[in-house]
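This report concerns only the one structure given below.
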Amino acid sequence: MPIPVTKHPVRVRVAPSPTGDPHVGTAYIGLFNLAFARSHGGQFVLRIEDTDQKRSTRQSEEAIYKSLRWAGLQWDEGPDIGGPRGPYRQSERSDIYRQHTQLLLDSGDAYRCFCTAERMDKVREEQRARKETARYDGFCRHLSPEESDARAVAEPHVIRLKFPQGGETVVPDALRGAVVYDNSQIDDQVLMKSDGLPTYHLANVVDDHLMAITHVIRAEEWLNSTPKHLALYAAFGWEPPVFAHMPLLRNADKSKISKRKNPTSLEYYQRAGVLPEALLNFLGLMGYSRKDAAGQDVEKFTLDEFIADLDLARISLGGPVFDLQKLDWLNGLYLRAMTPEQLADRVTAFHREDDRHAAAGHLVQERVTSLGDYFDHAGTFFRGAVEYGLTARYFLVGASSRKKTAVRLDRPQSLRFFERAIAVLEEQAAWTPEFIETRLRDICTEANVAVGDGFMAVRVACLGRPTSPPLFESLQVLGRALTLSRLRHVAGLLADAQFLQRALADVEAEVAAARAALQPPTPTPEASHA
RNA sequence: GCCCCGUUCGUCUAGCGGUCAGGACGCGGCCCUCUCAAGGCUGAAACAGGAGUUCAAUUCUCCUACGGGGCACCA
C-alpha cells in the first residue's frame with residue numbers, strides 16, 4: 001500500500017516538547033520525517049510544543065536545536081530560523097489558538113466546562129468503582145449559551161471538544177490501514193486549559209493545518225488520540241493530513257524507551273563520541289531495512305541513501321528494541337571506513353569543539369606529568385559506559401571505609417542509595433559542583449553513611465576508578481547526561497542479585513589463569529622418558 | 001478495567017501461499033596474527049498457541065496468549 005502523496009509540496013514536521021533532555025526518539029521520528037520530506041522534494045518543519053508552561057524551558061529548547069543539528073537533522077523552518085508559516089513556537093501562537101477556540105465555541109463544536117478538579121476526581125473515582133472507563137461525563141456539555149457566557153466572566157473554566165456521540169471514527173493510518181474506534185470510547189477532550197493555553201490536541205491540529213502539513217509522521221502513542229484530531233479537522237472544515245504512526249523505540253524489556261533503562265539523551269551520544277552519521281544509520285535500521293540491487297541486506301548507509309530508498313510502507317510495526325551493542329558495531333564500522341587522516345581530523349574536531357577540555361584541564365593539571373599523560377586522567381570524560389572490574393566492590397556503599405564503626409550498606413540498600421542519587425541529580429537545576437555536592441551530601445545523610453563512603457561509590461560508578469580529581473568538579477565536567485547514564489548503569493547492575501558474585505568470579509578466574517601461567521611447564525611423558 | 005496496535009533466531013530484520021525460513025549484531029569454534037582489535041570462514045539460534053480457508057500455510061481469516069500504547073487542564 002503506497003503512502004498517499006496527493007498534495008505538493010509535501011510538508012512534514014517534528015514537534016518536540018522542550019521539557020528535559022533532547023530525546024533520541026525525537027531524532028528517530030525526525031529522521032523519518034526529514035527523509036520523507038527530502039524524498040518528495042518537500043519541507044521539514046521544526047515546531048516547539050511548549051504549551052506546558054510548568055515544564056517547558058528555554059534551555060531545553062536550545063539543547064534540542066543543538067542536538068538535532070549535531071545529528072544532522074536540519075530543518076527548513078523553525079523558531080530559530082523562521083519561515084513563512086511561523087511563529088513556530090506554540091507559546092507565541094496563543095492568539096491563534098484563542099481565535100480558533102472561539103470559532104468552535106460559536107459553531108457549537110466546543111463548550112466551556114466549569115467542573116472543578118475535585119468534581120472530576122470524584123467522577124473518575126465513581127467510574128472506577130463501577131469498573132467503567134474513566135472519561136468526562138459531559139456534565140457541562142449542555143449548558144445554555146447564556147449560562148455559559150455569564151459564568152465565564154468570573155469562573156475558571158476549560159474548553160472541551162464536543163465529540164460526536166454514537167457511531168464510529170475511522171482513522172486511516174498509512175502504515176496499518178483503517179483503524180476503527182467506537183465513538184463511545186472517546187470523551188470530550190480539553191482543548192483549552194484554564195490558563196488560556198491550548199492542549200496538545202488543539203495546538204497540534206491548528207498548527208498542522210496553518211503550517212500546511214501534509215503528512216503527520218509521529219509515534220504510535222498518538223494513534224489513540226487521532227479520532228479527536230480528526231473530529232477537530234472536521235469541526236474546522238479542514239482536510240486532515242495523511243497520518244503515519246511509527247512504532248515506539250523500546251527498552252530491552254520491550255517497554256517504551258526510557259531514560260531509566262537506556263541513554264535517551266542525544267547529548268549522551270554526542271558526548272560519548274558516537275558519530276552522528278552512525279546514530280542516524282542505526283535509527284534508520286529501527287523498524288526499517290533495505291536491500292541493495294542484488295537483494296542483499298544493507299546495514300550501513302548514508303542519510304542520502306536512506307532518503308533515496310525510503311518507503312514508509314515498508315516500516316515494520318513491531319516495536320524495535322534499541323540495542324546499544326549494534327550501535328557500537330556500526331559506529332566502529334564508520335570509524336574503520338575512514339582514512340587515518342580523516343579519523344585524526346574527526347578526533348581532533350571532536351576534542352577541539354568540546355567544552356569539557358577547558359574544565360578537565362583545570363582538574364587534571366596537578367596530576368599530569370606529560371601531555372600524553374593527559375588522557376590517562378581525563379579519558380573517562382569522553383567515553384560512554386565505563387567498565388568495572390574489581391572496583392565494583394565500591395558499589396556496596398561503605399566498602400571503602402576504614403572505620404570499624406562506619407555503616408556499610410548491603411546490595412539492596414546500595415541500590416536504593418544509587419536510585420536516590422539518580423533522582424536528586426535529575427532535578428532540573430544548574431549542573432554545578434555546588435548543586436551536585438549538596439544533593440549527594442543530603443543522600444549520604446539520609447542513608448546514614450559516611451560522606452566519604454557515599455562519594456566513593458559515586459566516584460567509582462561515574463569515573464571508573466577510586467582515584468580521581470575532586471568528585472563534584474569531575475562530575476560537572478562529565479556532564480549530566482553521562483553522569484546519569486553511568487549511575488543508571490550501576491543501578492542496573494546492582495539490581496541483579498548475582499552481579500557482585502559474578503564480578504568476583506571473573507576476577508578469581510583471571511587470577512587463577514595468571515597463577516597457572518606462572519607454574520613451570522609440567523614435563524610431558526615423552527620428555528620424562530627421554 | 002476498557003479501547004487500540006503489535007507478535008519470525010537473545011536483539012535488528014528479510015519473507016508478502018510451495019524457501020534447506022535469508023542477512024546483520026551479539027555469542028561459540030577455526031583461520032590470520034608479536035598482543036589486542038579488525039578481517040575471513042564456520043556453528044548454535046526463530047515463524048507464540050489453537051482452529052479455519054487451501055492441494056499447500058511463516059505468509060490469508062478468527063480465537064486465545066503474550067508484549068506495547070492510550071484512557072490528564074503532559075506532550
Side-chain angles (χ1 to χ4, degrees), chain A residues 1 15-20 23 25-26 47-56 90 113 115-117 120-121 124 127-136 156-160 168-169 171 173 175-177 179-187 189-204 218-228 245-257 282-292 294-300 313-330 332-333 335-337:
Chain A
M1 175 186 48
S17 182
T19 54
H23 202 273
T26 305
R47 183 168 73 222
I48 294 293
E49 307 228 334
D50 57 349
T51 55
D52 183 348
Q53 277 192 306
K54 286 189 269 307
R55 297 196 304 148
S56 298
Q90 290 186 330
C113 171
C115 294
T116 60
M120 293 309 299
D121 287 344
R124 266 191 281 270
Q127 286 171 334
R128 208 170 305 128
R130 273 178 277 135
K131 303 205 168 176
E132 290 173 8
T133 305
R135 337 178 12 245
Y136 180 62
H157 59 273
V158 300
I159 292 167
R160 288 181 184 273
E168 46 190 34
T169 298
V171 174
D173 183 271
L175 307 183
R176 55 205 101 210
V179 182
V180 183
Y181 291 88
D182 190 328
N183 287 350
S184 68
Q185 289 297 323
I186 298 157
D187 69 350
Q189 181 62 44
V190 172
L191 301 177
M192 189 72 91
K193 300 180 267 188
S194 55
D195 63 3
L197 290 178
T199 58
Y200 167 85
H201 306 281
L202 200 236
N204 147 74
R218 77 220 307 189
E220 187 179 6
E221 55 190 332
W222 297 112
L223 183 59
N224 286 336
S225 48
T226 308
K228 294 169 182 175
H245 290 93
M246 298 283 296
L248 251 21
L249 259 21
R250 309 290 185 89
N251 298 312
D253 65 3
K254 299 277 189 182
S255 55
K256 173 163 93 168
I257 195 167
F282 178 66
L283 291 174
L285 250 16
M286 300 277 89
Y288 199 70
S289 68
R290 38 197 323 261
K291 291 177 188 291
D292 61 19
Q296 294 298 302
D297 291 333
V298 178
E299 307 282 337
K300 183 168 178 277
R314 284 215 322 265
I315 287 167
S316 56
L317 297 173
V321 171
F322 195 85
D323 179 10
L324 265 341
Q325 274 190 314
K326 191 153 183 176
L327 207 210
D328 280 344
W329 165 77
L330 249 187
L333 225 49
L335 259 4
R336 265 170 256 133

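Every chain is numbered from 1, with letters handed out A, B, ... down the list of sequences. For the numbers below, each heavy atom of this structure counts, side chains included, while hydrogens, waters and symmetry mates do not.
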Self-check item: Worked check of side chain to side chain contact (heavy atoms under 4.5 Å, CB included) between Asp187(A) and Lys228(A)
Solution: CA-CA 9 Å; Asp187(A) 69 350; Lys228(A) 294 169 182 175; 3.9 Å; yes

If only side-chain N and O atoms of [X] are considered, is one of them under 4.0 Å from the OP1 or OP2 phosphate oxygen of [N]?
X	N	value
Lys254(A)	C12(B)	yes
Ser289(A)	A14(B)	yes
Lys193(A)	C74(B)	yes
Arg336(A)	G39(B)	yes

Exercise. Specify the residue among Glu49(A) and Pro320(A) whose closest nucleotide of RNA chain B lies further upstream toward the 5′ end.
Key: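 Looking at the nearest nucleotide for each, Pro320(A) comes out on the 5' side.
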
Quiz item: Where each residue is assigned the nucleotide of RNA chain B containing its nearest heavy atom, which of Lys54(A) and Gly287(A) is assigned the position nearer the 5′ end?
Solution: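 Taking each residue's closest nucleotide, the earlier one in sequence belongs to Gly287(A).
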
Quiz item: Hey, does the side-chain of Lys326(A) have a donor or acceptor N/O within less than 3.5 Å of a partner on the base of A24(B)?
Solution: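 Side chain to base: pair present.
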
Quiz item: Ignoring hydrogens and angles, are the base of G26(B) and the side chain of Asp323(A) linked by a donor-acceptor pair under 3.5 Å?
Solution: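 In this structure, the two groups form no donor-acceptor pair.
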
Among [options], find the nucleotide with the atom closest to the side chain of [X].
X	options	answer
Gln185(A)	G68(B), A24(B), C3(B)	C3(B)
Thr199(A)	G68(B), C74(B), C4(B)	C74(B)
Asp297(A)	G22(B), A14(B), G68(B)	G22(B)
Leu317(A)	C12(B), G6(B), A75(B)	G6(B)

Quiz item: Stepwise, does the salt bridge (Lys or Arg N to Asp or Glu O under 4.0 Å) test hold for Lys256(A) with Glu220(A)?
Solution: CA-CA 11 Å; Lys256(A) 173 163 93 168; Glu220(A) 187 179 6; over 6 Å; no

In whole Å, measure the gap between the [atom1] atoms of [N] and [M] for me.
N	M	atom1	result
C5(B)	G18(B)	C1'	31 Å
C2(B)	C27(B)	P	44 Å
C9(B)	A21(B)	P	15 Å
G23(B)	U64(B)	C1'	33 Å
A46(B)	G1(B)	C1'	34 Å

Practice problem: Indicate, with a heavy-atom threshold strictly under 4.0 Å, whether Thr51(A) touches base, sugar-phosphate, or nothing. | Solution: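 Thr51(A): backbone/sugar contact only, no base atoms under 4.0 Å.
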
Quiz prompt | Sugar-phosphate only, base, or nothing, as touched by Met286(A) at under 4.0 Å among non-hydrogen atoms | solution =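 If one applies the 4.0 Å heavy-atom cut-off, Met286(A) turns out to touch the sugar-phosphate alone, with no base involved.
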
Quiz item: Does the cation-pi check pass for Arg250(A) over Phe322(A), that is, NZ or CZ under 6.0 Å from the six-membered ring centre and within 45° of its axis?
Solution: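 Not satisfied by the 6.0 Å and 45° rule.
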
